[in-house]
There are 2 protein chains.
Amino acid sequence: MTIRLLLADDQELIRTALERLFDLEGDFAVVASVSRGDEVEEAAARTRPDVALLDVEMPGLDGIAACARLAARVPACRCLILTTFGRPGFLRRAMESGAAGFLVKDAPFDELTAAIRQVAAGGRVVDPALAAATLARGASPLTPREADVLRTARTAATVADIAAALFLSEGTVRNYLSAAIAKLGARNRSEAVRLAEDEGWV
Amino acid sequence: MTIRLLLADDQELIRTALERLFDLEGDFAVVASVSRGDEVEEAAARTRPDVALLDVEMPGLDGIAACARLAARVPACRCLILTTFGRPGFLRRAMESGAAGFLVKDAPFDELTAAIRQVAAGGRVVDPALAAATLARGASPLTPREADVLRTARTAATVADIAAALFLSEGTVRNYLSAAIAKLGARNRSEAVRLAEDEGWV
DNA sequence: CCTGGAACCTGACAAACGTCACGGGTCATC
DNA sequence: GATGACCCGTGACGTTTGTCAGGTTCCAGG
């Protein structure tokens, strides 16, 4: 029985590379290959893959959100999240989105194929080192709104920009930022943004 | 005549994937494969590859700097820079470092093999879209010192931190930051850092 | 030799930021 | 029905930033 695969990654090079290698593997069949997160759902509904390999960093929709949509729309398809950055928060969010597996790209190819087979068989796969880091570090200390403000702060320059984007008063934004800075042990906004990004909390 | 290849990329997955695909290609032989930029020079000196495939983002030493060292130490080895992010400044810096080619990872595998063959034959290869963007945008407007300050500002939280790291007075740092912000048309430090990063000027 | 640019520094100022204290409101839990 | 968490807001305070004007060195080019 061959395993039907969906590939989602914005990097054409690694997508084509993986396609070819999976073809050589014998028991894999790549039935869909997309470069954007918002194309995953439609492609999966059409091609009915057994396992979807989703990159976290993608235009349109990130892999974790795509995973959540797949769980609702194509429940038969199990998700394996693949990412460049081993952020503890990513793993947590992925698992909450119903992902069956989570691997960092910093792993050999054979580990990937083994993981896919395990996921296809109904199992779960998680990078052990990352799992330990996630459990040790715990969940995000940020409230949803604090995370929103911090996320917006990544691209907005001033407090006024953040307030405008979120339809809040500037004072409120400053309060959320202050709370986030304190919780993260940062010394100012940009350090807080960096820390939150490193943990995958935004 | 087979082309001897050196692979340098911090992502194990794409390195092993490329290794296997190159083996299948027939006229390629991967003679070295490293995960850190500071291992490139030694590996190249030992294995004498024809072409080195260097990722820009690597721990230890970035691919562009590794390219410059190779040019001095192993001049017979020609460098092909491979990167995830198509930043105009990267291309410029790569070419100034003596790279023979520059490709973004957002390209099919066949384009990569074609590029390697061309580079091995003594030619030069550059992503056309990126070349146009680079020429249109011109060189960095920042003085070396301004770029230093901006680079340090990425990881330092306060002006005092930057000043300490660069052995400058706080006033001087503020002046450089102010100049950089003005030149980049930014509204504050963090926006300036973002813009400079996007262009590959830091 | 003189000019210009880049590297440094100082001092001063307004604006933006981070903090604090204090309101209000909703909602789930006990 | 009280408690607590989260959501929003205000006002005030001190600190940090960004800007500007001024100065000193050094070095390359005309």
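Every chain is numbered from 1 and lettered A, B, ... according to where its sequence line falls, protein lines coming before strand lines.
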Checklist entry - To the nearest angstrom, how far is A/Leu177 atom CG from D/dG9 atom C1'? => result 15 Å
Item to check | Separation of C/dG18 C1' from A/Leu150 CG (nearest whole Å) | outcome: 14 Å
Checklist entry - Out of C/dA7, D/dT19, D/dC8, which has the shortest distance to the side chain of A/Thr172? => result D/dC8
Next on the checklist: Checking side-chain polar atoms at under 3.5 Å, does B/Ser140 have a donor or acceptor matched by the opposite partner on B/Glu199?
Outcome noted: no
Next on the checklist: With no hydrogens and no angle check, just 3.5 Å: does a side-chain donor-acceptor pair link A/Ser33 and A/Glu19?
Outcome noted: yes
Next on the checklist: Rounded to whole Å, please give me the gap between CZ in A/Arg174 and P in C/dC20.
Outcome noted: 14 Å
Checklist entry - Choosing from D/dT10, D/dT17, C/dA7, which nucleotide comes nearest the side chain of A/Ser169? => result D/dT10
Next on the checklist: Can you measure B/Asn188 atom CG to D/dT19 atom C1' for me and round it to whole angstrom units?
Outcome noted: 14 Å
Item to check | Which nucleotide in C/dA7, D/dA12, D/dC6 has an atom nearest any side-chain atom of B/Tyr176 | outcome: C/dA7
Checklist entry - Out of D/dC20, D/dC7, C/dT19, which has the shortest distance to the side chain of B/Asn175? => result D/dC20
Checklist entry - Closest approach of B/Pro141 and B/Leu184, non-hydrogen atoms and distance? => result CG-CD2, 4.4 Å
Checklist entry - For C/dC8, does OP1 or OP2 lie under 4.0 Å from any side-chain N or O of B/Arg145? => result yes
Next on the checklist: If you assign each of B/Phe167 and A/Ala186 to its closest nucleotide in DNA chain C, which residue comes earlier from the 5' end?
Outcome noted: B/Phe167
Next on the checklist: If we check side chain to side chain contact (heavy atoms under 4.5 Å, CB included) with B/Arg48, which of these qualifies: B/Leu6, B/Val31, B/Val74?
Outcome noted: B/Val74
Checklist entry - Within this structure, what is the CD1-to-P distance between B/Ile162 and C/dC8, rounded to whole angstrom? => result 15 Å
Item to check | Rounded interatomic separation in angstrom, taking CD from A/Glu191 and P from D/dT17 | outcome: 12 Å
Checklist entry - For the residue pair A/Arg36 and A/Gly60, what are the closest heavy atoms and their distance? => result NH2-CA, 3.4 Å
Checklist entry - Out of C/dA7, C/dC17, D/dC8, which nucleotide sits closest to the side chain of A/Leu168? => result D/dC8
Next on the checklist: Nearest to the side chain of B/Arg189, heavy atoms from C-beta on, is which of D/dG18, D/dC7, C/dA7?
Outcome noted: D/dG18
Item to check | Watson-Crick and G-U pairing of DNA chain C, under 3.5 Å, as dot-bracket with | and [ ] | outcome: ||.||||||||||||||||||||.||||||
Checklist entry - Atom CG of B/Asp27 and atom CD of B/Glu25: how far apart are they, to the nearest 0.5 Å? => result 6.5 Å
Next on the checklist: So if I take every side-chain heavy atom of A/Ser178 and compare against C/dC17, C/dA21, C/dG18, which nucleotide ends up nearest?
Outcome noted: C/dG18
Checklist entry - Quick one: B/Glu170 CD to C/dA12 P, roughly how many Å, whole number? => result 16 Å
Checklist entry - Mind checking whether B/Phe22 and B/Phe28 have parallel, tilted or perpendicular rings, split at 30° and 60°? => result perpendicular
Checklist entry - Can you check the B/Glu146 CD to D/dT19 P distance for me, whole Å? => result 12 Å
